[in-house]
Each structure stands twice: as structure tokens, then as C-alpha cells.
Number of protein chains: 2
Amino acid sequence: MGENELEAPNTKRSARQNSNGVEPSLTLAETLAGRIREQVISGRLVPGSHLSEQTLSDELQVSRNTLREVFRLLTKEGLLRYEANRGVFVATPSMSTIVDIYRVRRFIECPALAQAHPRHPAASKMRIAVEAAHDCRDKGDWLGVGTADIAFHAAIVELADSPRLSDFYRQISLELRLVFGLLHDPEFLHAPFVDQNRSIVTQLEAGNPQGASETLEAYLFQAERFILGAYARVSGSP
Amino acid sequence: MGENELEAPNTKRSARQNSNGVEPSLTLAETLAGRIREQVISGRLVPGSHLSEQTLSDELQVSRNTLREVFRLLTKEGLLRYEANRGVFVATPSMSTIVDIYRVRRFIECPALAQAHPRHPAASKMRIAVEAAHDCRDKGDWLGVGTADIAFHAAIVELADSPRLSDFYRQISLELRLVFGLLHDPEFLHAPFVDQNRSIVTQLEAGNPQGASETLEAYLFQAERFILGAYARVSGSP
DNA sequence: CCTGTCCAGACTGTTGAACAATTTTCATAC
DNA sequence: GTATGAAAATTGTTCAACAGTCTGGACAGG
């Protein structure tokens with residue numbers, strides 16, 4: 001337990017170097033949070049495992065204090081879980097987690113889509129994401145399909161024009177990706193839904209948001225059943 | 001700037017003492033977060049003011065490191081705002097903040113209410129909150145009215161049976177209370193809505209969630225206009 | 001008088017070591 | 001085999017220090 005292959009960050013510590021010119025001031029803690037988030041949702045950090053402050057701070061070559069800030073960040077995001085005097089653990093999604101996530105998704109995505117204007121900017125994002133997913137599927141890049149799928153649904157939420165709602169949905173997506181990481185069977189989970197996504201955006205573009213919303217609702221119920229089934233299989237024989 | 005009358009915490013630092021028997025293990029940082037949160041939403045910590053790490057850690061008699069953990073917590077809640085290398089500031093809600101908050105409220109509360117079962121446990125909570133608000137109004141306790149109002153709407157969201165949705169709404173409520181603190185005119189803001197709340201819960205109990213939802217939507221539009229008006233008046237002549 | 005430059009002071013970002021309190025481990029005794 | 005109890009490991013919190021960044025004012029020039 002506590003095993004992982006996190007590399008140390010850029011050892012030059014003098015300047016807060018921006019590899020990309022954008023995103024001006026990321027603090028060290030935020031950078032590390034991004035890295036650990038990556039590890040968690042990719043499944044390399046197994047849910048339920050304990051993250052030792054000592055071990056991790058050595059591995060990442062940061063001080064314990066900084067690492068604790070990172071933990072706070074990720075805890076608020078729902079990826080890690082605190083236990084008093086016992087430390088942090090990677091969150092372990094349960095069936096009720098999945099049920100709640102999909103309840104929220106139906107609750108938010110369907111109305112957002114139903115009330116959408118077909119020429120809303122986010123609609124183009126949906127179209128782009130759908131085509132990207134399609135391409136990735138043809139290439140067998142299932143991880144790419146998953147990413148595009150997330151982007152597609154994020155775009156649906158953006159139809160509601162509410163930054164707070166989009167933020168909230170981002171968090172939900174994160175938790176969902178944690179579940180996906182647990183299930184390592186991306187083809188089975190994503191392949192059936194690419195075409196449904198396309199149908200949804202096509203209906204929206206055709207000026208039928210109501211129909212799109214109904215398709216989406218059916219999609220979400222079906223996806224929930226798929227995920228729950230896969231989860232039961234995995235948790236049955238780990 | 002930096003002024004406030006936060007008292008030092010219990011100076012006995014040996015044990016994590018629980019004044020109330022419940023809530024077993026609150027970390028120091030969480031305790032302090034609660035205290036500062038209180039100061040922020042009560043308006044004693046003015047929006048826009050700078051919170052110096054040095055000053056505050058002296059005043060609260062905690063180390064800078066612990067205080068930084070507190071800041072992280074409250075930043076994620078939306079009550080504080082970070083600026084790189086400049087420190088934390090109390091968040092300053094803008095008009096677009098208010099607009100977004102009410103958009104989210106309509107988006108979540110109305111459907112939650114419309115689909116509710118009249119005998120849902122949360123419905124009793126709504127009734128209780130409404131009566132509490134009524135009592136407080138009679139006594140002129142406008143702060144109490146505000147608290148009861150928040151509880152009432154939190155109960156509405158609970159009708160949807162989603163922990164994540166309720167958590168999200170809690171955050172939105174926090175931000176809204178920050179706005180209220182900015183407006184110091186609780187009577188004007190809360191008094192008109194007590195009776196509408198009662199009408200909403202009565203309709204729900206009578207088996208008419210649809211009607212309740214419509215009343216609620218009107219309520220929310222009206223409240224938004226009130227708040228925006230008050231905000232414009234305050235920000236015009238501060 | 002206004003404007004731009006430069007410097008010192010104040011503050012944040014991060015570190016490493018230290019100690020108290022709590023949990024876990026493990027050897028021992030019944 | 002289970003209970004006991006002390007040692008080891010881990011977390012919670014503090015302190016002091018230093019590098020990087022921002023702020024405000026002194027100072028020189030137009």
C-alpha cells in the first residue's frame with residue numbers, strides 16, 4: 001500500500017515556471033493537486049489506499065505542510081477522504097455514490113438541454129465533442145472517448161449559462177471518472193453511447209431540445225444500469 | 001483593513017475538547033473555519049478586505065500554517081478569494097453573482113419541489129422552518145427569520161433525495177448569506193416572503209406540488225429583483 | 001507640478017525540524 | 001486464543017527561516 005510512481009516535480013525551484021505560457025500563477029500546491037488528481041482518476045492510485053504524508057512528501061520532494069494543503073484541496077473535490085488522526089485515503093465510491101451521481105446528472109442535464117436554444121455556443125461544443133468521440137472510437141482510443149464524453153456532457157450543462165452549475169458539474173464528473181478508473185473496461189462502458197450522443201446533438205440542432213432531452217434521460221438511465229452492473233461485477237471479484 | 005475582533009480560541013490546547021458532546025473529531029482548522037465563516041456571513045468581516053496571515057494568526061493564536069489550511073477551506077466554499085502572492089480577501093459578490101445564484105436556485109428548487117411527494121420527510125422540515133420564521137417575525141427577530149428561510153429552502157432541495165445536490169445548495173446558501181450581510185436590511189428582505197413560504201408548503205401538503213413549484217418560481221424571481229435593487233442601492237452609496 | 005525609476009520593507013510561498021496526541025503494531029502474559 | 005500494555009509510526013500543530021513578489025515612498029528628471 002502507498003505504492004505509486006509519482007516523479008518529483010521540476011527540481012528547479014527558483015521560479016514558478018510556466019511550461020505553457022498561459023495560466024500565469026499556479027501555486028506549487030495546486031500543481032501537485034493536479035498531478036495527484038491525475039493519478040487518482042486514472043486509477044493508478046487505488047481507491048481505499050492510504051496516502052502517507054511522510055512517504056508522499058518524500059516522493060514528491062515537497063514539505064509535509066505543502067502536501068497537506070494539497071490534501072485539503074482534493075478532499076474538497078471529493079477525491080480524497082479524511083479520517084481524523086488516521087490520514088487521507090483515496091475515496092472509495094459505493095453503489096449509492098453512483099446512484100446519487102446519476103440522479104444529479106438527470107436532474108441537471110435534462111432540464112438544461114430541454115430549455116436550451118439550438119444556437120447556443122455550448123451547442124457547438126457538444127458537436128465538436130461528439131465528433132471527437134467518434135474519431136477516437138474508430139481509432140480504438142477508449143480513453144479519448146471517455147474524455148470526449150465528459151466534455152460533451154459538460155457542454156450540456158453549459159447550456160444553462162450558470163458558472164456555479166458548471167463548476168458543480170465538473171466536480172460530479174471528477175467523481176464519476178474515479179468510478180470509471182475503478183472499472184477498467186472503457187470500451188464496454190463508452191462504446192454504446194457515442195451514437196446516442198450524436199443523436200442528442202442532432203436533435204438539438206434541428207430545433208427539438210425537448211426530444212433531445214428525452215433521449216438524454218433514457219441514455220442516463222441506461223448508463224447508470226451499465227455502470228452499476230460493472231461495479232457489482234468488479235466489487236464481487238476484486 | 002485587517003481589523004476585526006476575533007477572540008483567541010480556547011487556550012487549553014492539550015485536548016481537542018468538544019464543548020458539545022456531538023461531532024466527535026473536528027480539527028483545529030475546521031473549528032477556526034467555522035468561526036471565520038461566521039464572521040464573514042454576519043458581515044463583521046467586510047467583503048473585499050484583506051486577511052493578513054501574520055495578523056490573523058497572531059489574533060487567533062494559531063500558526064500561519066494552520067491558518068493557511070483554514071483559508072483553503074473557505075476559498076473552496078467561495079467565501080474567500082485568493083490572489084497569488086497577495087493573499088486572501090473576503091469575496092465580494094457582484095450583481096452577476098446574485099443573478100447566477102438565483103438562476104441556480106430556480107433551476108434546482110423548482111423541479112425538486114414539483115416532483116416531490118407530499119409526505120416526504122423533508123416536507124415536515126419545510127413546515128417546521130416556516131413556523132419558526134413566522135414566530136421570529138412576530139418577535140422582530142429578523143436574523144432568525146433569515147436563518148429559518150435558509151432552512152426552508154434547504155429542505156426543498158432535500159426533497160430531491162440527493163446528498164450531492166444538498167451539499168451544493170449549502171454552498172450556494174453560504175454565498176447568498178454573504179450577500180445578505182452586505183445589504184444589512186434583513187427586515188425589508190425577509191419580511192415579505194414568510195407568508196409565501198407558508199403558502200408553498202401548504203400547497204405541497206395539499207397534494208399540489210406543481211402549484212407549489214409555480215409559487216416558488218414567482219417567489220424566486222421576485223426575491224431576485226428585491227436583492228438586486230437593494231444591492232444597487234448599497235453599491236451606489238456605500 | 002507631474003512622472004518614471006529604484007530601493008527598502010512587508011507579505012506570501014515553501015521548507016525543515018520539532019513536539020504532543022493518537023493510532024497501530026507487536027510482544028508478552030493469562 | 002484472547003487480552004494487556006508498551007514501543008513505534010503517524011498525524012496535528014507549531015516555530016523559525018528564507019526566497020520570491022508586491023507595495024509604497026524617496027528621488028531624480030522633465
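By convention in this document, chain letters (A, B, ...) are assigned in the order of the sequence lines, proteins followed by strands, and residues within each chain are numbered from 1. Computed from a predicted structure; not experimentally measured.
With rounding to whole Å, Leu32(B) atom CG is found 13 Å from dT14(D) atom C1'. For Tyr82(A) and dT22(C), the OH to P distance is 17 Å, given to the nearest whole Å. In this structure, the CD atom of Glu53(B) is 5 Å from the P atom of dT12(C), given to the nearest Å. Rounded to a whole Å, the CZ atom of Arg86(B) is 11 Å from the C1' atom of dT21(D). Distance Leu28(B) CG to dA20(C) P: 17 Å, rounded to the nearest Å. In this structure, the CD atom of Gln54(B) is 10 Å from the P atom of dA10(C), given to the nearest Å. Rounded to whole Å, atom C1' of dT13(D) lies 14 Å from atom CD of Gln61(B). Distance CG (Asp58(B)) to P (dC15(D)): 10 Å, rounded to an integer number of Å.
Among the nucleotides dT12(C), dT11(D), dG12(D), the one closest to the side chain of His50(A) is dT11(D).
Close to dA9(D), at under 4.0 Å from its OP1 or OP2, lies no side-chain N or O of Ser52(A).
Side-chain contact between Arg164(A) and Asp167(A): absent, with no pair of heavy atoms (C-beta onward) separated by less than 4.5 Å.
Cation-pi geometry between Arg72(B) and Phe71(A) is not satisfied (NZ or CZ under 6.0 Å from the ring centre, within 45° of the ring normal).
Sorted by residue number, the members of residues 63-73 of chain B with any non-hydrogen atom under 4.0 Å from DNA chain D read Ser63(B), Arg64(B), Asn65(B), Thr66(B).
Counting only residues at least two apart or on different chains, no salt bridge (Lys or Arg N to Asp or Glu O under 4.0 Å) pair has a member in residues 144-154 of chain B. Residue pairs meeting the side chain to side chain donor-acceptor pair (under 3.5 Å) criterion with at least one partner in residues 120-133 of chain B, sequence neighbours excluded, are His120(B)-Asp161(B), Lys125(B)-Glu158(B), Arg127(B)-Glu131(B), Arg127(B)-Thr202(B), Arg127(B)-Glu205(B), Glu131(B)-Arg198(B).
Within a 6.0 Å sphere centred on CG of Leu228(A), other residues, nucleotides and ligands contribute more than 12 heavy atoms.
By the 4.0 Å N-to-carboxylate-O rule, Glu77(B) lies close enough to Lys76(A) to be salt-bridged with it.
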